[in-house]
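This report refers to the structure that appears directly beneath it.
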Amino acid sequence: MGTVLIVDDVEDLRYSLSNTVRRAGYSVSVAANGQEALEILRTSIVELIFLDIGLPDGNGINLIPKINELSPGVDIIMLSGRNDAKSAVQSLREGAVDYIVKPFDLIEFKSVLHRIMRSRLLGKQAQLADTCTSVDAIIGNCESMRKVKETIHMASEVESPVLITGETGTGKELVARAIHDACPGNKGVFVKVDCGTLSANLVESELFGHDRGAFTDALTDKKGLVEVASDGTLFLDEIGNLPIALQPKLLRLIEESIFRKVGGIKDIAVKVRIIAATNADIDREIDAGTFREDLYYRLNVIPLQLPPLRDRGDDVLLLADAFIRTLSRDLKKEIRGIAPSAVEAMLAYDWPGNIRELRNLIEREIIFCKSGWLNPSGLRPAPSCGGLQGEELVTLRENERRYIKQVLNYTNNNKSKAARILDISRTTLREKLD
């Protein structure tokens, strides 16, 4: 996850831009002046900076050399309250990569944000000795996740619509981004639209844009997110919440690759990949008359069902290990791993919030951890259908055997690593295995 720094003395603008960055899936820090920005750069790794020229403690352009000294390779976008060609040229000479004039709309801001961060991601991938892709970054060895990865690879080779289904927190956006990143023909950005949070009155304008005068507050022409995603991917999250009145317009976009702005009189051609996602029962919504059956068939050309975490077996431990590595580094904590006594509870827990719940749990445990081993509390296994009737009594030796087997599965049969987790010598482990 990339980190973005917003440097501007206007609090409302910092708040608005930082929220936009978070919703786009990136980490964000904010600074009200140049000195605060430099302090952040001394202690944090930042990939992209939106830097205001008119700061309270000096000209933002004069800050660029100091920024490059503290954070070599960072991308800098200048923000200015006036369209001053001289300042723009000077900032580009100093090392800025782009220049935005205020006031700007959030669509323009998001377009620049996604373009720069995607460019950085592709640059990193090009520098890697291996051919690791974001598909490879999807963690999971169970059979259902292997099928998910196979479908991602197939979907990346064509431009057909994809419909991703699964419970909340199973990673639908991550999979959509993986399809986008793996598609060799993609030249544009990945644009996410959360259909569940858009106002019913604004959703058409947000998606398709509007012409000036289309309605009372339409003072200027506005690009919609469909145009912003041109030559890239439009990810429609929670597609089941899209108003029924707008569904024919989306259907036309998919079938004919054209749309019309609100208040517009001409069709606009656009090339965009559509990926939709939902945790709802679309069949039930079709029966209720809130979702068009023909739109469902056009979206569901490539169906992709994500399994819940409770059905993924040892993937729970693989994901936990990955979160521990990332979050312990971000939180600057020395964490060795999940305590051996907690492994069984982690595997037996039902995980109603899926991967999102697991990540939040690991982050919380790391923050409060003092021993170096995470020992999550409050995890209760899902109740079985048969209740307690017929529950067998398990001997201590059998419990030990099961536990050692779980740890060996977790370490992919690496006995040295398993012995460290079990806190016994490799010789003792070999004896127990014998």
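Numbering of residues begins at 1 and proceeds along the displayed sequence.
E143 and R146 are joined by a salt bridge, as a carboxylate oxygen and a charged side-chain nitrogen come within less than 4.0 angstrom of each other. The existence of a salt bridge linking E206 and K222 is confirmed by a sub-4.0 Å separation between a basic side-chain nitrogen and an acidic carboxylate oxygen. The existence of a salt bridge linking R325 and D321 is confirmed by a sub-4.0 Å separation between a basic side-chain nitrogen and an acidic carboxylate oxygen. Taking the charged nitrogens against the carboxylate oxygens, E363 and R359 do have a contact shorter than 4.0 Å, which makes a salt bridge.
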>> Evaluate N68 against E94 for side chain to side chain contact (heavy atoms under 4.5 Å, CB included), listing each step before the verdict.
In response: CA-CA 10 Å; N68 286 328; E94 288 292 340; over 6 Å; no

>> Pair I152, I179 - check side chain to side chain contact (heavy atoms under 4.5 Å, CB included), show working.
In response: CA-CA 6 Å; I152 290 173; I179 295 171; 3.9 Å; yes

>> Would L319 and L309 count as a side chain to side chain contact (heavy atoms under 4.5 Å, CB included) here? Give the steps.
In response: CA-CA 10 Å; L319 287 160; L309 187 54; 3.7 Å; yes

> side chain to side chain contact (heavy atoms under 4.5 Å, CB included) between I338 and I362: does it pass, once the steps are laid out?
Replying inline: CA-CA 9 Å; I338 300 291; I362 296 298; 4.1 Å; yes

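N59 places a side-chain N or O within donor-acceptor distance of the main-chain N or O of I61, the cut-off being under 3.5 Å. Not a single donor-acceptor pair under 3.5 Å links the side chain of S16 to the backbone N or O of D12. Judged purely by atom type and a 3.5 angstrom limit, E227 has no side-chain atom pairing as donor or acceptor with the backbone of K223. Judged purely by atom type and a 3.5 angstrom limit, K110 has no side-chain atom pairing as donor or acceptor with the backbone of K192. Looking only at distances, a side-chain donor or acceptor of R14 sits under 3.5 Å from a matching main-chain atom of D8. Checking side-chain atoms of R273 against main-chain N and O of V158 turns up a donor-acceptor pair under 3.5 Å. A donor-acceptor pair under 3.5 Å is formed between the side chain of S156 and the backbone N or O of H153. Looking only at distances, no side-chain donor or acceptor of N33 sits under 3.5 Å from a matching main-chain atom of D9.
Two residues are said to be in side-chain contact when any heavy atoms from C-beta on lie closer than 4.5 Å; L433 and K415 meet this criterion. Between I335 and C369 there is a side-chain heavy-atom pair separated by less than 4.5 Å. Taking 4.5 Å as the limit, every side-chain heavy atom of I282 sits out of range of all side-chain heavy atoms of T165. Taking the side chain as every heavy atom from C-beta outward, D315 and M145 approach each other to under 4.5 Å. Side-chain contact between R292 and L250 is absent, with no heavy-atom pair separated by less than 4.5 Å. Taking the side chain as every heavy atom from C-beta outward, L5 and S29 approach each other to under 4.5 Å. Taking the side chain as every heavy atom from C-beta outward, I76 and S91 never approach each other to under 4.5 Å. Looking at L207 and F259, their side chains never come closer than 4.5 Å, going by heavy atoms from C-beta outward.
No side-chain donor-acceptor contact under 3.5 Å links D57 and Q35. Between E11 and Y15, the side chains place no donor N or O within less than 3.5 Å of an acceptor N or O (distance only, hydrogens not considered).
The two residues V7 and A37 have their closest heavy-atom pair at CG2-CB, 3.8 Å. Nearest heavy-atom pair, I139 versus A322, reported as atom, atom and distance to 0.1 Å: CD1-CB, 3.2 Å. The shortest heavy-atom contact between L299 and A276 is CD2-CB, 4.1 Å. Contact record, R310 with W351: NH1-O, 4.5 Å, taken as the closest heavy-atom pair. Here the closest heavy-atom approach between residue Y349 and residue E357 is recorded as OH-OE2, 2.7 Å. Counting all heavy atoms, side chain and backbone alike, I53 lies closest to S80 at CD1-CB, 3.9 Å.
I77 CD1 to L51 CG: the interatomic distance, rounded to the nearest 0.5 Å, is 10.5 Å. Separating the OG atom in S18 from the CG atom in L13 is a distance of 9.0 Å, to the nearest 0.5 Å. Interatomic distance, Q247 CD to F291 CZ, rounded to the nearest 0.5 Å: 5.0 Å. Atom CG of N354 and atom CD of E167 lie 5.0 Å apart (nearest 0.5 Å). Taking CG of L327 as the start and CD1 of I367 as the end, the distance is 8.5 Å to the nearest 0.5 Å. Distance check, rounded to the nearest 0.5 Å: NZ of K172 to CD of Q305 gives 9.0 Å.
E256 CD: more than 12 foreign heavy atoms inside a 6.0 Å radius. The local environment of CD in E159 is sparse, with at most 12 non-hydrogen atoms from other residues, nucleotides or ligands closer than 6.0 Å. With a 6.0 Å radius and a threshold of 12 heavy atoms from other residues, nucleotides or ligands, K333 has its NZ atom above the threshold. In this structure, L106 places its CG atom where more than 12 heavy-atom neighbours from other residues, nucleotides or ligands lie under 6.0 Å away.
Classified by interplanar angle (parallel below 30°, tilted 30° to 60°, perpendicular above 60°), the ring pair F109/F50 is tilted.
With sequence neighbours left out, T168 forms a side-chain contact (heavy atoms from CB on, under 4.5 Å) with N279, R356. Residues passing the side chain to side chain donor-acceptor pair (under 3.5 Å) test with R252 are D267, sequence neighbours excluded. Under the side-chain contact (heavy atoms from CB on, under 4.5 Å) criterion, L70 pairs with L38, L41, R42, sequence neighbours left out.
Of the listed residues (D75, T3, I6, V74), just one forms a side-chain contact (heavy atoms from CB on, under 4.5 Å) with L48, and that residue is D75.
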